[in-house]
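To start, the structure itself, in structure tokens.
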Amino acid sequence: MRKQIVAGNWKMNNDLKASKKLAIQVAKKVKKSNLKGTKVIIAPTFVNLERVVKATKNAKIKVAAQNMHFEESGAYTGEVSAQMLKSIGVKTVILGHSERREYFSETDEMLAKKVNSALVNKMNVIFCFGEVLEDRKSGNQEKVVESQIKNALFHLKAEAFKNIVLAYEPVWAIGTGETATPEQAQDMHAFIRQTLTNKYGEELAESVSILYGGSCKPGNAKEIFSKKDVDGGLIGGAALNADDFLAIVTAF
Ligand code: 13P
């Protein structure tokens, strides 16, 4: 059985007070809702990670970083390493988000190195990818997604995928209010699983969780999550409100 996961990517939102408040609200609601098997992750901004880890110490939620550098240490002003994240109790990192690719010029090559560094440090990775609108309009979405996955992940040994969750986030659906239809999500997730099967075999492909991200809301989560190859969601805007986020968490 694949893990069902709902992760909230808070992006560059919430100062310390707001981060602690939201984390505690989410933790309380998760406890109350007595979830059966769904893993809940929240990803605050770097500066608030340690305090959120502490505030949710006994809760059934995990805390993830939104990014990290691929080097362990050194002259990389403004950057944060896997080892540093681990030292404050963060064991999961989101890598390859389209906003990192677009605004901070992250390439597949850099992402492959980041994935390596996370895995060497025994961290879990939520690896994001997805096509832009032009790719979809020209029917190239599968080609683009396949190359993003291959370039950043296919140098890895099969065992590495025990620590990797994939997140398909069509860029045209992020923060736009426009969601992929449940059928579009399912088609792409099935394609991603087939891509994994072709390289690593069916058993591995069937074991990897693939999340959907892009304007996932309480109103559409249930239908999207009901699809066979959708194992949960990576949530942006709706993760900033505890009630909305929990409505999505409990949508399975
Ligand atoms: P929205 O849910 O705001 O569209 O953002 C999705 C996302 O980018 C999650 O990483």
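The figures that follow rest on heavy atoms only: side chains count, while hydrogens, waters and symmetry mates do not. Whatever order the structure lists ligands and atoms in, that order sets their numbers, starting from 1.
- Relative ring orientation between Tyr212 and His189 is described as tilted, the plane-to-plane angle lying within the 30° to 60° band.
- The N/O atoms of Ala238, backbone and side chain alike, include none that comes under 3.5 Å of an N/O atom in ligand 1.
- Taking 4.0 Å as the cut-off, Gly175 counts as a neighbour of ligand 1 on heavy-atom distance.
- Residue Glu99 places no N or O, backbone or side chain, under 3.5 Å from any N or O of ligand 1.
- Of the heavy atoms in Cys128, none comes closer than 4.0 Å to ligand 1.
- Residue Ile41 forms a side-chain contact (heavy atoms from CB on, under 4.5 Å) with just one option from Ile126, Asn9, Ile61, and that option is Ile126.
- Of the protein's heavy atoms, Gly236 N, 2.9 Å lies nearest to atom 2 (O) of ligand 1.
- A salt bridge links Glu106 with Arg100: the closest approach of a Lys/Arg side-chain nitrogen to an acidic carboxylate oxygen falls below 4.0 angstrom.
- Here Lys113 does not pair with Glu109 in a salt bridge; the nearest charged N to carboxylate O distance is not below 4.0 Å.
- The protein atom (non-hydrogen) at minimum distance from atom 7 (C) of ligand 1 is Glu169 OE2, 3.2 Å.
- Proximity of Asn9 to ligand 1, defined as any heavy-atom pair under 4.0 Å, is confined to the side chain (atoms from C-beta onward).
- The closest approach between any non-hydrogen atom of Gly214 and ligand 1 is below 4.0 Å.
- Under the 4.5 Å side-chain criterion, counting only non-hydrogen atoms from C-beta, Ile94 is not in contact with Asn67.
- Using a 4.5 Å heavy-atom cutoff, the side chains of Glu169 and Phe129 are not in contact.
- Every atom of ligand 1 with a heavy atom of His97 under 4.0 Å away is listed here by number and element: 7 (C), 8 (O), 9 (C), 10 (O).
- Of all atoms in ligand 1, listed by their number and element, those nearer than 4.0 Å to a heavy atom of Ser215 are 1 (P), 2 (O), 4 (O).
- Between Ala173 and ligand 1 there is a heavy-atom distance shorter than 4.0 Å.
- Within the structure, ligand 1 has Lys11 among the residues with a heavy atom less than 4.0 angstrom away.
- Electrostatic pairing of Asp243 and Lys29 counts as a salt bridge here, judged by a charged N lying under 4.0 Å from a carboxylate O.
- Among protein heavy atoms, atom 3 (O) of ligand 1 sits closest to Gly237 N, 2.8 Å.
- Checked for salt-bridge contact, Asp135 and Lys143 miss the test: no charged N lies under 4.0 Å from a carboxylate O.
- Contact check on Asp15 versus Lys20 returns no salt bridge, with no Lys/Arg side-chain nitrogen under 4.0 Å from an Asp/Glu carboxylate oxygen.
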